[in-house]
Structure formats: C-alpha cells, structure tokens
Q: 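Mind looking over this structure? Questions follow.
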Amino acid sequence: MASSVAECGVGVLFNPALADFVADHTQHLDYLSVIPDRFWRDHGLGADPRFEDTSAGEAALARAAQRLPIVLHGIGLSICSADVFDREYLSQLERWRARYDCQWVSEHLSFSRIGAGHETNAGIALPVPFDRSIIDMLRPRIEAARSILGCPFLLENNVSYFTFPGEDLTEPQFLNELARSAGCSLLLDLHNVYTNSRNHGFDAKAFLSELDLARVGEIHVAGGSEMMGFYTDSHTGAVHEAVWELLSFVAPRCANLRGVTFEFHESTWPMLRAEGVLAQLERARSALAAARVA
Amino acid sequence: MTLNPVLAASVLRRGADALAGYTLTAMEQERLVAVVHQRGMSVNCTLARANRFAPIADAFPLTCSLLKPWLRPLLDELWSVHRPDNYQFAGEAPAFSWFLQQKLSQGEVKHPYAEEIFRYECAAWALIQTLLSSAAHPAPDRELDKSLTVRFTHDPHVLVPALERDETPPPDLPAGDYLVRLTLRDDVLDVETVEVRG
C-alpha cells in the first residue's frame, strides 16, 4: 500500500450492505477498512472466552481480503476510560491484525465503557477534556498499543455535541501534543471536524491549519444529518460538500497520508447504491490527484 | 448521564449535589454540571437511546409499532435497571424480550394483539439467531431447526400485513385459532398458516 500522499489510496468502511459491492467493484478500491467488532461478541473483561465469533459475515470479509488490503478500525478499546486499560481487547485486535496482515490499526480517541470492570457501555464515543492529564494517561496506553499491535496505531479525533469548560489545550494542540509525545498517528475524521465546527461555531480550516498534518495517516469522509437543531455525525448517504472542500484543503498538506476512507451507515445504502458509493470513491480519488499536483 | 436521563435531570436541577455519590474532583463536578446545561447533552442522550433502541426495533419491529404509545415508558423502565455491556448493544434485544414477556404475563401491558405479534417476532428472531449461530459455529452433523410454529388468536394474514405497512390493525378482528409455521428458506422467512379453527 501507499507510503506517501503520492501513493495514497482510497477505501471504504465495510458494512453489511457492501458485501456484493466489494466483490463487484474491487478495482475501484485500494483497501477495505473494517470494524472488527462487527464480527465478534465481546463477553467483557476477564470472561473466558472473552471474544466469540458471531457472524457469517466474516466469509465475505475473507473473500474481500484475498483481493484487497484490509485495515482495522476498532470501536471497542475505549482507550480514554479512566478505570481500565483493556489489554485483552488489544490482544484480540492484534490477532485480527495478524489474520488479515493489516498495515495499520485505528481506534477512537474517546471512551464508551465505564465502571471498574467496564460493565456499562454507552455505545457512543464520548469525548474527554483536552487536558494534559489526559495525555499523561494516554501516553503509556498508546505506547502499549503500538507495541502489541506492531504496526502504525492511529487515533481518530472525536465528534462532540458539548464542550468542557476550562480545558488546558485546544483540540488541535491536544492532538498534536498527544501524537508527538506518544508517537502515534492520527486518523483525521474530516466530518467530525466539520460537525464540531458547525455545532460549536469555529472555522474548520483554521482548526486544520493548527493541526500537525504530517501526523495524519488516514482521513475519513462522510455525510451527516440535522437533529434537534444540531448537525450530527450520522454517516447519512453521500459525503457533505463542505467535507470535500476540507479534503481538498488538507490533502496536499498531509505528507504521510496513506488512505482516504468513505464511511456511511448501512441503513442509508438505498440513498447511495453502488453508483453513489463509486461516485464518492471517484471524488476522493480526484481530490488526491489534485493534491499531488498542488 | 448519557445513559441515565434521571441522573442528568437531577444534575440539571440540583447541580453538583446530585453528583455527591461519585468520586469526582471539584473541576470534574463543575464540568459535568456545565455539560448538562448544554443543549448538546440532550443530543448525546437521544443518540445513545436511538442506538440502543435500534437492535430492539430490528428484532421486534411489529411489536414496537403496535406498542408505540407505551414504548417510551416501557423502555425507560427497562433501561432504569438494565445496563448495556456491549458497544453494539448486543444484549438489548434479549433484555427487551425478557422484560416484555414479564409485562405481558403479569397483565401490565394490555393490547388485544400484542401477545401473538410478540410471540411471532420472538419465533422469527429465534430462527434468525439459530441461523447466525450455525454460520459462526458450523456443525455439519447437526440438523438445523429451521421451523417454528406460532399460535395466533386473530387472522395473521390481516394483522401482520397491516403492521408491516405501519398501519393500525382493525380493532375488531374476529377471534380464532390460527397455527402458523415460520420457516427459514435461503435466509428468507416463509410464513404459512397450517391450521385454522374459526
């Protein structure tokens, strides 16, 4: 796979609606991003066995893996949970990384699990304050993740519908400091940046200009929808036009970008169909081509 | 607070006093109180509840449609005692099924068609779970049970299609005794009435 923006690829985040699409349109994809948690049931910390394969869907994944590189996008680590750092989960991620020979693994810079045994799961990526103490907590965890996984470990900037008062750092400062001190890369979710910029009233390009874009290894692009007077990261249908604009803005500046991934919720497949997904991939490819010229 | 609207409402009303049972610094308390006053917190709670409801609606769509006016208090009661332990809310449909079964058997949920529609969807769900489980853990020497029968007390060929169209079924369907067989054929659920006693 690609090692610089000049060779950066285009992929899609796999969901069940894409099983036939991936088989029929392999030539339009450079890689497939996969949420491995979709293929197992997690019985919780300390359970034996902790993880149980649950889905016949892995057959489709295995077929896709014969033709496309796979990268993992975990949703279950909850790396920002204060109580527990889940090495069992990381080991499971590593088993899957090895199974599909993945070149990188990403996770969310958030928490969803609470309680000393992580017995409650909010099922939503909850934000943490941009404080130095959070960086101090995360640094050894990220170093452990990098060591266990043995491949680049990327963390995704979060979407948040509220803000914490009195934070030590701005979000770009926090992401820069975290990536620098822990040696990780960033998965820059441009739709999350756009969503936050709309809901909290800041300039997305100014945010991106403050970010150390050399740390960005992968970019996510997506669409959203309105709810209760907010714009939400619902992954509805096609990529929002403003997000394409942000991609064109950052792509030439991301020297180590390896992939641009389109993500959508499977329930919105009828809005897209194969033609719609292909159009998103083509648009991403065009933005990368323009970035090479720029 | 994302999962517990009662706690969120309490913090909104009483401020940091409502958080006295938690080991929090003054700064953490102050932040949580500030967060709960932001409109985005309502969005957060709504998204979490919608995500949590999705597997229930997926497994029991007709039951949920039928019980729409009572659904919110039912879910509030269930979720006040049952905590999700999985990011994808894998345990939510079984928990809802167990909870509604109790409510129906204790007569706390009363609807002329609720029991039979719920039985029907439980059977369909059980067949799908069996199929998924067999795909994940193949046992070639074991015959897969692909059929279940469900008893209806009203004509399922009127009741089910109406709910599938998201229409309120006629309130005065004549009572009867209908035995319906559900069969999974090539991943499609086939429904046939095998016995009718008027």
Side-chain angles (χ1 to χ4, degrees), chain A residues 35 37-45 47 52-59 74-78 82 89 108 111-115 117-129 131 133 159-167 196 199-200 226-234 265 267, chain B residues 1-4 7-8 22-58 79 81-92 94 128-138 144 187:
Chain A
I35 297 173
D37 312 62
R38 280 182 178 274
F39 299 93
W40 68 59
R41 171 80 198 265
D42 182 351
H43 293 291
L45 267 176
E52 181 189 0
D53 288 348
T54 56
S55 171
E58 201 191 338
I75 58 172
L77 179 59
S78 194
Y89 181 89
H108 295 78
F111 73 102
S112 59
R113 297 154 62 185
I114 54 172
H118 277 181
E119 56 273 13
T120 300
N121 199 317
I124 188 169
L126 294 166
V128 288
D131 287 351
S133 61
V159 69
S160 176
Y161 301 102
F162 54 79
T163 56
F164 294 105
E167 291 170 309
N196 289 341
N199 292 329
H200 304 308
E226 302 282 345
M227 189 184 90
M228 298 167 66
F230 278 70
Y231 180 78
T232 67
D233 180 41
S234 55
H265 193 274
S267 64
Chain B
M1 291 195 293
T2 295
L3 284 178
N4 187 345
L7 175 62
Y22 298 88
T23 312
L24 297 169
T25 65
M27 169 65 98
E28 286 166 343
Q29 285 190 351
E30 192 182 309
R31 280 175 166 169
L32 290 175
V33 172
V35 159
V36 88
H37 279 87
Q38 295 175 41
R39 287 190 308 121
M41 187 61 191
S42 300
V43 176
N44 223 43
C45 293
T46 302
L47 287 172
R49 285 171 68 87
N51 288 348
R52 200 173 176 186
F53 177 58
I56 295 172
D58 207 32
W79 291 344
V81 291
H82 168 72
R83 287 301 177 95
D85 63 359
N86 186 285
Y87 195 94
Q88 291 170 305
F89 295 127
E92 295 306 295
I128 291 165
Q129 294 309 304
T130 304
L131 182 74
L132 290 173
S133 173
S134 69
H137 310 286
L144 194 61
D187 299 355

Q: Between A:Ser234, A:Ser267, A:Gly166, which shows the greatest number of heavy-atom pairs under 4.5 Å with chain B?
A: A:Gly166
Q: Looking only at heavy atoms and a cut-off of under 4.5 Å, which of A:Gly76, A:Pro129, A:Ser78 has the most pairs with chain B?
A: A:Pro129
Q: Please classify the contact of A:Asp131 with chain B as side chain, backbone, both or neither, using a heavy-atom distance under 4.5 Å.
A: side chain
Q: Does anything in residues 35-43 of chain B reach chain A? List residues with heavy atoms under 4.5 Å apart, or say none.
A: B:Val35, B:Gln38, B:Arg39, B:Gly40, B:Met41, B:Ser42, B:Val43
Q: For B:Ala34, is it the side chain, the backbone, both, or neither that has a heavy atom closer than 4.5 Å to a heavy atom of chain A?
A: side chain
Q: Tell me if a side-chain donor or acceptor on B:Arg31 pairs with a main-chain N or O of A:Pro165 at a distance below 3.5 Å.
A: yes
Q: Could you tell me the separation between the OH atom of A:Tyr161 and the OG1 atom of B:Thr46, rounded to the nearest 0.5 Å?
A: 11.0 Å
Q: Nearest 0.5 Å, please: how far is CD in B:Gln88 from CZ in A:Arg41?
A: 10.0 Å
Q: Identify the heavy atoms of A:Thr120 and B:Leu3 that sit nearest to each other, and give their distance.
A: CG2-CD1, 3.6 Å
Q: What part of B:Arg52 lies closer than 4.5 angstrom to a heavy atom of chain A: side chain, backbone, both or neither?
A: neither
Q: Got a sec, which residues hit salt bridge (Lys or Arg N to Asp or Glu O under 4.0 Å) with B:Glu28, two or more places apart in sequence or on another chain?
A: none
Q: Any non-hydrogen side-chain atom of A:Phe162 less than 4.5 Å from a side-chain atom of B:Asn44?
A: yes
Q: If you tally heavy-atom pairs under 4.5 Å against chain B, which of A:Ile75, A:Asp42, A:Asn199 wins?
A: A:Ile75
Q: Which residues pass the ring-ring contact (aromatic ring centres under 6.0 Å, His included) test with B:Phe53, not counting sequence neighbours?
A: none
Q: Just to verify, what does B:Asn51 make a side-chain contact (heavy atoms from CB on, under 4.5 Å) with, not counting sequence neighbours?
A: B:Phe89
